[in-house]
Colleague: 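Sharing a structure below in structure tokens format, with a few things to ask.
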Amino acid sequence: MSDKQGRGASVESGTGTAMSGTTKATLSRRRFLGDTLKTACGAGLLGLGMGTYSRQVESTPAWVIRPPGALPENEFSGACIRCGLCVRDCPYDMLRLAELGEPVAFGTPYFIARDKPCEMCEDIPCAAACPTNALSHELDVIEDARMGLAVLIDQEECIAFQGLRCEVCFNVCPVQGEAISIEMHHNRRSGKHALFIPVVHSDACTGCGKCEKACILEEAAIKVLPMELAKGLVGEHYRFGWKQKKVAGQSLVTPDVEHQYNLPEGVTYDFNEGGLKLPPKKADSSPFSSNPLDSLKKLQNQESK
Amino acid sequence: MAAQEKTALGQQANEKKGWLRAHKWLILRRISQLSILALFLAGPLFGVWIVTGNMASSLTLDILPLSDPYVMLQALMSGNLPVMEGLIGVVIVLAFYLLIGGRVYCSWMCPVNIVTDAAAWTRRKLGLKVSSPFSRNTRYWLLGLTLILPPITGAIVWELFNPVSLMFRGIIFGMGWAWMVIIAIFMFDVFISQRGWCGHLCPVGAFYSLLGTKSLLRVSASRRDQCDDCNDCFVICPEPKVIRPALKGADKGIGPLIDEMNCTNCGRCIDICDEDVFSFSSRFKS
């Protein structure tokens with residue numbers, strides 16, 4: 001548009017020169033340049049403000065979960081046109097568009113797991129409705145969605161850690177047994193019971209939020225977090241010997257010299273979790289009991305007769 | 001000029017043509033704007049799903065996709081191609097506005113137009129006369145800005161602020177604080193800048209102006225020889241600059257067609273003129 005303005009002004013100043021000398025032309029040119037600079041300056045400042053604000057808005061709160069297939073937040077803000085088609089196509093009505101004043105980029109779709117989690121429709125209607133690729137159309141199987149990752153974040157409050165049987169999160173999980181499994185640990189408080197601890201596996205968890213919704217505590221102990229908050233990453237140079245050994249089929253370093261134990265005859269040591277192994281007991285191989293009390297009892301019995 | 005001082009704005013037209021005929025296009029525009037909102041609201045309010053989505057992108061009767069080319073262009077500028085449905089939607093909307101005039105969007109679809117028209121009405125009733133501190137070209141600067149920001153930031157920045165989509169989305173999906181922005185625009189138009197938002201600043205309107213540069217449907221001052229210089233059309237027109245060449249350019253050999261991209265095809269000049277100088281026409285008729 002500045003082109004057009006520029007052309008207009010030069011024509012104006014041209015005729016001005018022809019008519020009444022240079023004064024009028026200089027004035028109109030000066031005014032034109034001044035106005036243009038003023039507008040450009042204003043637009044620039046406005047742009048700076050808007051641009052900075054938009055960067056700030058990208059730092060979405062952790063409780064905001066995007067619909068399945070959503071691009072990473074920094075790409076999402078450039079692809080989502082805030083049309084709300086995903087919201088309308090959700091059969092469970094759990095998606096909403098951020099209203100002005102909410103701490104979420106205005107007009108973008110999200111859900112809160114604790115209010116209404118994703119029901120993981122097989123045909124993923126929300127992503128299919130997206131007219132841009134903000135919700136990726138490459139997501140074919142809902143189990144591949146990674147809306148976030150469930151994390152059992154408060155192990156002090158989770159009652160499973162108190163030794164109580166709960167496992168509600170495990171039971172409601174739509175990818176049951178894969179995304180959350182229950183693992184048994186020794187209960188050191190009672191000394192004789194087990195703790196049934198829910199463990200989330202990132203290779204299967206879709207971040208649907210069902211576990212967070214179902215958690216029986218006042219405030220959920222298991223929460224869906226954005227991937228980048230929830231996941232750690234081991235250094236690329238890291239190699240785990242036992243995994244490498246499995247891949248290669250043999251140890252990649254010089255094998256350790258097998259440790260020699262001075263064990264009683266017949267006793268062995270199993271390195272693969274078995275530990276100390278006693279030779280099988282031969283029944284009645286000795287006339288004497290191994291328990292010295294037995295002979296005492298025998299003696300008593302004889303006396304009482 | 002003298003005539004305007006004697007009679008109130010539009011009084012002549014009311015007397016000569018009757019109120020209804022003197023407001024024909026205004027009424028039709030309001031019906032158009034409100035029925036679009038009603039179509040979108042029928043779903044969430046009454047469970048009658050005719051159109052889903054909003055003006056950025058919508059789906060009518062599960063078959064017709066429509067997408068706002070301006071929003072899609074912003075997405076494109078930040079490096080995101082639309083999918084097929086989005087692309088089809090853009091093409092349909094583009095074709096529509098190329099044909100009937102880009103700024104038909106402003107006067108026949110946009111809900112903010114109702115607000116700024118109300119502001120203009122209030123201004124006239126209050127007799128406030130302050131010219132705008134902004135040039136009418138400011139909107140094209142802002143349009144440029146809204147298209148430069150996406151490639152720099154990677155985000156569709158303007159849609160965080162855009163009062164047009166803000167109001168439409170607010171009505172359909174929930175207002176939040178958006179009503180304050182709507183009031184702000186009203187106040188801005190009444191007290192700070194005459195026709196300030198739609199006529200000077202709005203980059204959405206600027207985009208659609210450019211879209212309608214060569215549109216088929218145009219208002220024409222076909223009976224300009226009948227003009228009695230009452231000045232009503234200039235007062236009521238949201239873009240008064242567009243009228244003069246067509247209405248007064250007979251001596252300079254300028255045709256009666258209002259061939260200006262900023263004309264919104266709102267038809268208020270047709271309504272207000274008691275001499276029926278203006279009428280809807282097409283580019284090829286003249």
Side-chain angles (χ1 to χ4, degrees), chain A residues 1-5 8 35-36 38-44 46-58 71 73-89 93 96-102 105-109 127-137, chain B residues 43-44 49 52-59 65 67-68 71-72 74-75 77-83 85-87 89-90 134-135 137-146 148-150 152-161 165-166 169-170 172-181 206:
Chain A
M1 217 49 230
S2 59
D3 278 3
K4 193 164 184 181
Q5 230 175 358
D35 284 352
T36 310
K38 241 188 270 174
T39 318
C41 241
L46 191 69
L48 185 67
M50 293 201 299
T52 327
Y53 176 74
S54 84
R55 295 304 293 272
Q56 222 163 3
V57 166
E58 272 173 32
L71 299 175
E73 198 60 25
N74 58 338
E75 293 171 42
F76 187 79
S77 61
C80 172
I81 58 166
R82 299 119 210 248
C83 65
L85 281 170
C86 53
V87 175
R88 291 294 187 236
D89 273 34
D93 222 6
R96 52 179 282 120
L97 285 190
E99 293 173 6
L100 194 66
E102 287 176 23
F106 173 47
T108 53
C130 183
T132 64
N133 249 324
L135 305 181
S136 176
H137 288 236
Chain B
W49 295 101
T52 59
N54 62 34
M55 257 157 128
S57 197
S58 66
L59 190 63
S67 290
D68 183 349
V71 183
M72 282 298 195
Q74 292 176 65
M77 291 301 277
S78 68
N80 290 282
L81 277 170
V83 300
E85 285 87 348
L87 211 59
V90 166
F134 305 101
S135 149
N137 281 330
T138 312
R139 50 186 149 180
Y140 294 101
W141 284 86
L142 292 184
L143 173 63
L145 188 69
T146 60
I148 287 171
L149 281 173
I152 296 174
T153 60
I156 304 177
V157 177
W158 176 238
E159 292 307 308
L160 290 170
F161 303 92
S165 49
L166 175 146
R169 199 188 308 121
I172 296 160
F173 284 94
M175 269 291 175
W177 296 351
W179 60 270
M180 287 197 269
V181 178

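Order of the sequence lines fixes the chain letters, A, B, ..., with proteins taken first and strands second; residue numbering starts at 1 for each chain.
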Colleague: May I ask you to name which of A:G78, A:G51, A:C80 has the most heavy-atom pairs under 4.5 Å with chain B?
Modeller: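 Option with the greatest count: A:G78.
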Colleague: The criterion is salt bridge (Lys or Arg N to Asp or Glu O under 4.0 Å); which residues satisfy it with A:E73, sequence neighbours excluded?
Modeller: A:R66
Colleague: Quick check on B:W49: does its CH2 atom have over 12 non-hydrogen neighbours (other residues, nucleotides or ligands) under 6.0 Å away?
Modeller: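 Count over threshold, so yes.
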Colleague: Measuring heavy-atom distances to chain A, does B:I172 have an atom under 4.5 Å in its side chain, in its backbone, in both, or in neither?
Modeller: both
Colleague: Please evaluate residues B:M180 and A:L100 with respect to the criterion side-chain contact (heavy atoms from CB on, under 4.5 Å), reporting the C-alpha separation (whole Å), side-chain torsions for both, the decisive distance (0.1 Å), and the verdict.
Modeller: CA-CA 10 Å; B:M180 287 197 269; A:L100 194 66; over 6 Å; no
Colleague: Can you tell me which portion of B:W179 sits under 4.5 Å from chain A's heavy atoms? Options are side chain, backbone, both or neither.
Modeller: neither
Colleague: Go through the atoms of B:S165 and report whether side chain, backbone, both or neither lie under 4.5 Å from a heavy atom of chain A.
Modeller: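 For B:S165, neither part sits under 4.5 Å from chain A.
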Colleague: Looking at every heavy atom in both B:L145 and A:A43, which two are closest together, and how far apart are they?
Modeller: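 Shortest heavy-atom separation between B:L145 and A:A43 comes out as CD2-O, 3.3 Å.
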Colleague: At a heavy-atom separation under 4.5 Å, does A:A129 approach chain B through its side chain, its backbone, both, or neither?
Modeller: neither
Colleague: Closest heavy-atom contact between A:R88 and B:F173?
Modeller: CZ-CE2, 3.4 Å
Colleague: What distance do B:N54 atom CG and A:L85 atom CG have between them, rounded to the nearest 0.5 Å?
Modeller: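 Going from CG on B:N54 over to CG on A:L85, the span is 7.5 Å.
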Colleague: Of all heavy-atom pairs between B:R169 and A:G107, which one has the smallest distance, and what is that distance?
Modeller: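 Looks like NH1-CA, 3.5 Å.
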Colleague: Check each atom of A:E75 against the heavy atoms of chain B and say whether the ones under 4.5 Å are side chain, backbone, both or neither.
Modeller: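 The backbone, not the side chain.
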Colleague: Measuring heavy-atom distances to chain B, does A:C130 have an atom under 4.5 Å in its side chain, in its backbone, in both, or in neither?
Modeller: backbone
Colleague: Any idea which heavy atoms bring A:A40 and B:W141 closest together, and the distance?
Modeller: CB-CZ3, 3.4 Å
Colleague: Hey, which of B:V181, B:V90, B:L160 has the most heavy atom pairs under 4.5 Å with chain A?
Modeller: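 The answer is B:L160.
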Colleague: What do the steps show when you test A:Y53 against B:T153 for side-chain contact (heavy atoms from CB on, under 4.5 Å), and what is the final call?
Modeller: CA-CA 10 Å; A:Y53 176 74; B:T153 60; over 6 Å; no
Colleague: Out of B:N80, B:V83, B:L149, B:L166, return the one with the most heavy atom pairs under 4.5 angstrom to chain A.
Modeller: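 Most pairs with chain A among the choices: B:V83.
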Colleague: Is a donor on one side and an acceptor on the other found under 3.5 Å between the side chain of A:S54 and the backbone of B:V157?
Modeller: no
Colleague: What part of A:N133 lies closer than 4.5 angstrom to a heavy atom of chain B: side chain, backbone, both or neither?
Modeller: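 When you check distances to chain B, atoms from both the backbone and side chain of A:N133 fall under 4.5 Å.
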Colleague: Can you tell me how far apart OG1 (B:T138) and CG (A:L46) are? Round to the nearest 0.5 Å.
Modeller: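 Here the interatomic distance stands at 11.0 Å.
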Colleague: Relative to chain B, which segment of A:R55 carries a heavy atom at a distance below 4.5 Å: side chain, backbone, both, or neither?
Modeller: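 For A:R55, the side chain is the part near chain B, not the backbone.
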Colleague: Closest approach of A:I81 and B:S57, non-hydrogen atoms and distance?
Modeller: CD1-CB, 3.6 Å
